[in-house]
Amino acid sequence: NDEPVKVVVGTTFADIALDPTKDVLLEFYAPWCGHCKALAPKYDELAERLSGVDSIVIAKMDATANEIDHEGVNVSGFPTLKFFPASDDGKVIDFN
C-alpha cells in the first residue's frame with residue numbers, strides 16, 4: 001500500500017477509513033465501470049498532489065469484491081465517493 005492511492009479491503013476498512021487522525025476520501029468502484037475508469041487518472045493525480053500531507057488519505061475500494069457494514073456507507077452506484085473526516089465519531093459525508 002505504498003502507492004499514492006491507498007487500497008482498502010474489507011479487513012482494512014476500519015483501520016484506514018475510520019482513523020481518527022486522518023481525513024480520508026474513499027472511492028468505491030467496480031473494475032468494469034466506465035465512469036470509474038474515467039475518474040482514475042484524476043483521482044491518481046489528486047493522490048499524488050496530496051501525498052506529502054500526512055493528515056489526508058486518498059483511497060479506493062473494489063466494492064464488487066469487498067463488503068463493509070458501517071452506518072452511512074451505502075453504495076448503490078459506481079463510482080461512489082465518501083469522505084471520512086478525522087474524528088472519533090465515524091461520521092461519513094457523501095461527496096457529490
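Residues forming a side chain to side chain donor-acceptor pair (under 3.5 Å) with Asp23 (at least two apart in sequence, or on another chain): none. Residues satisfying the salt bridge (Lys or Arg N to Asp or Glu O under 4.0 Å) criterion with Lys82, sequence neighbours excluded, are Asp94. Asp19 is linked by a side chain to side chain donor-acceptor pair (under 3.5 Å) to Thr21, counting only residues two or more places apart in sequence or in another chain.
Contact record, Asp62 with Thr64: OD1-OG1, 2.5 Å, taken as the closest heavy-atom pair. Residues Pro20 and Ala86 come closest through the heavy atom pair O-CB, 3.4 Å. In terms of heavy atoms, Ala30 sits closest to Cys36 at N-SG, 3.7 Å.
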Contacts table for residues 38-46: side-chain donor-acceptor under 3.5 angstrom, sequence neighbours left out:
from  : atom 1 : to    : atom 2 : distance (Å)
Tyr43 : OH     : Leu25 : O      : 3.0
Tyr43 : OH     : Glu27 : N      : 3.3
Tyr43 : OH     : Ala59 : O      : 2.6
Glu45 : OE2    : Arg49 : NE     : 3.3
Glu45 : OE2    : Arg49 : NH2    : 3.2

Less than 3.5 Å apart, which donor and acceptor atoms pair up between the side chains of residues 6-18 and the rest of the protein, not counting sequence neighbours?
from  : atom 1 : to   : atom 2 : distance (Å)
Lys6  : NZ     : Asn1 : O      : 3.0
Lys6  : NZ     : Glu3 : O      : 2.8
Thr12 : OG1    : Val9 : N      : 3.0
Thr12 : OG1    : Val9 : O      : 3.2

List the atom pairs, with distances to 0.1 Å, where a side-chain N or O of residues 67-79 and a protein N or O form a donor-acceptor pair under 3.5 Å, not counting sequence neighbours.
from  : atom 1 : to    : atom 2 : distance (Å)
His70 : NE2    : Gly90 : O      : 2.9

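Under the 4.5 Å side-chain contact rule for hydrophobic residues, Leu26 and Val5 do not share a cluster. Hydrophobic clustering places Met61 together with Val57 (ILVMFWY residues linked when any side-chain heavy atoms are closer than 4.5 Å, directly or through intermediates).
A 6.0 Å sphere centred on CZ of Phe95 holds no more than 12 heavy atoms belonging to other residues, nucleotides or ligands.
One finds the CG atom of Asp89 at 11.5 Å from the CZ atom of Phe84 (value rounded to the nearest 0.5 Å). Expressed to the nearest 0.5 Å, how far OH of Tyr29 lies from OG1 of Thr80 amounts to 13.5 Å.
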